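Beneath this line is the structure, given in structure tokens, with notes to follow.
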Amino acid sequence: MEEKRSRVLIVGATGKLGYELAKASLRFSHPTFALVRDSAFADPDKLVKLRSLSDAGVTLLKGSLQDEKSLIEAIKKVDVVICAVNSTQILDQKLLIQAIKKAGSINRFIPSEFGLDPDKVQISGMDYNFYLRKAEIRRLVEAEGIPYTFISCNFFMSCLLPSLVQPELKAPPRDQMKIYGDGYKKGVFVKECDVAAFTISTLDDPRTLNKVLYLRPPGNVYSMNELADIWETKIAKKLRKMYISEEELLHKIRETPYPDNMLFIFVYSVFIKGDQTYFNIDSSGGLEGTQLYPHLKYTTISEYLDTLV
């Protein structure tokens with residue numbers, strides 16, 4: 001007899017990742033619920049997603065991160081809560097954590113992180129507290145004794161990869177490519193639907209309880225020099241390389257107003273400081289998703305770049 005799957009509540013199911021999480025939860029046979037604000041039903045784009053999820057079998061529950069009563073009611077229907085709100089709402093998870101604590105019935109909470117490990121980044125004071133807010137939520141979850149899994153998936157493929165890490169461009173370069181630093185620090189890119197599949201796989205896995213799950217899939221971890229080589233092969237053309245020093249990038253960050261400079265800050269963090277790959281996952285007590293779930297298929301960087309040629 002197949003073991004019973006956890007019931008899952010997704011907060012932020014109309015967002016890009018949240019939508020993929022809800023679909024993956026259903027695909028992996030979890031009874032799936034989505035917490036939905038009233039205002040979402042008035043947004044045509046969100047309404048299309050909500051109808052699609054509802055038709056697929058997701059139970060829609062009205063509520064919001066500002067309404068503790070609605071949170072507790074929703075939480076009592078499930079075993080697992082996954083939050084996928086955007087970066088501006090990170091601290092809005094505080095009431096959700098309080099509600100999870102009060103309900104006392106949740107086996108696993110996955111807060112909205114889904115990026116670099118906020119405890120490992122080396123850009124303190126540069127990022128307008130982008131990672132500090134995520135770290136604050138981690139400490140609160142730990143302090144409240146709520147069972148968790150933190151997902152450090154690094155970059156989504158929709159971030160920076162469509163331009164081959166050229167923040168000023170919307171498409172990959174065809175003539176000249178800027179390479180930041182020496183071009184040897186490696187970055188990690190994972191498609192949102194693949195992040196969702198790895199995330200859902202952790203829910204009933206005791207190995208991932210109170211752990212950080214990192215994603216560094218083979219074929220998705222490359223330096224800027226390697227990305228340039230791959231792209232040149234695909235377009236059958238050599239690019240002119242323009243190396244941008246750390247000092248030049250820092251100047252660019254300073255002269256570009258917030259929030260437009262955030263992409264440059266992410267480039268600095270990953271391709272100058274090496275924030276996605278400088279540490280060993282095992283010795284830091286984390287787990288790597290493709291090692292835990294080798295059966296999961298995912299899109300590689302090469303396959304993604306094929307779509308841009």
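Given the structure is predicted, the values throughout are model-derived calculations rather than measurements.
- Judged by distance alone, the side chain of N129 and the main-chain N or O of L132 form no donor-acceptor pair under 3.5 Å.
- In this structure, a donor-acceptor pair under 3.5 Å is absent between the side chains of Y304 and N220.
- For the residue pair S6/D204, the side-chain donor-acceptor check at 3.5 Å is satisfied.
- S70 places a side-chain N or O within 3.5 Å of a backbone atom of S64 that can act as its donor or acceptor partner.
- Between Y298 and F198, the two ring planes are tilted [angle within 30° to 60°].
- Side-chain contact check for Y268 and N261: no donor-acceptor pair (N or O, by modelled atom type) lies under 3.5 Å.
- Between K273 and D275, none of the side-chain N atoms (NZ, or NE/NH1/NH2) sits under 4.0 Å from a carboxylate O, so this pair counts as no salt bridge.
- Checking side-chain atoms of K101 against main-chain N and O of E144 turns up a donor-acceptor pair under 3.5 Å.
- A salt bridge (charged side-chain N to carboxylate O under 4.0 Å, His left out) with E232 holds for exactly one of K237, R240, K238; it is K238.
- The side-chain tip of K120 points at the ring of F279 from less than 6.0 angstrom away and within 45° of straight on.
- Within the structure, side chain to side chain donor-acceptor pair (under 3.5 Å) contacts touching residues 43-55 (residues at least two apart or in different chains) are Y19-S52.
- Ion pairing between R133 and E136 fails under the 4.0 Å rule for side-chain N and carboxylate O.
- Look at D67 and K62 and you find no salt bridge, because none of the NZ, NE, NH1 or NH2 atoms lies under 4.0 Å from a carboxylate O.
- Looking only at atom types and distance, the side chain of N225 has no donor-acceptor partner in the side chain of S223 under 3.5 Å away.
- Using a 4.0 Å cut-off between a side-chain N of Lys or Arg and a carboxylate O of Asp or Glu, E226 and K186 qualify as a salt bridge.
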Checklist entry - Could you go step by step and tell me if F189 and F156 meet the ring pair (Phe, Tyr, Trp, His ring centres under 6.0 Å) rule? => result CA-CA 5 Å; F189 297 87; F156 296 139; over 10 Å; no

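- One N or O on the side chain of T208 and one on the backbone of T202 form a donor-acceptor pair closer than 3.5 Å.
- Side-chain contact check for E248 and S245: at least one donor-acceptor pair (N or O, by modelled atom type) lies under 3.5 Å.
- The aromatic rings of Y293 and H295 sit perpendicular, their planes meeting at an angle over 60°, well past the 30° parallel limit.
- D117 and Y214 form a side-chain donor-acceptor contact under 3.5 Å, judged by distance and modelled atom types alone.
- Salt bridge present: E73 and K69 bring a charged side-chain N and a carboxylate O closer than 4.0 Å.
- For the residue pair Q93/S112, the side-chain donor-acceptor check at 3.5 Å is not satisfied.
- The pair E288-R216 does not meet the salt-bridge criterion, since no charged nitrogen lies less than 4.0 angstrom from a carboxylate oxygen.
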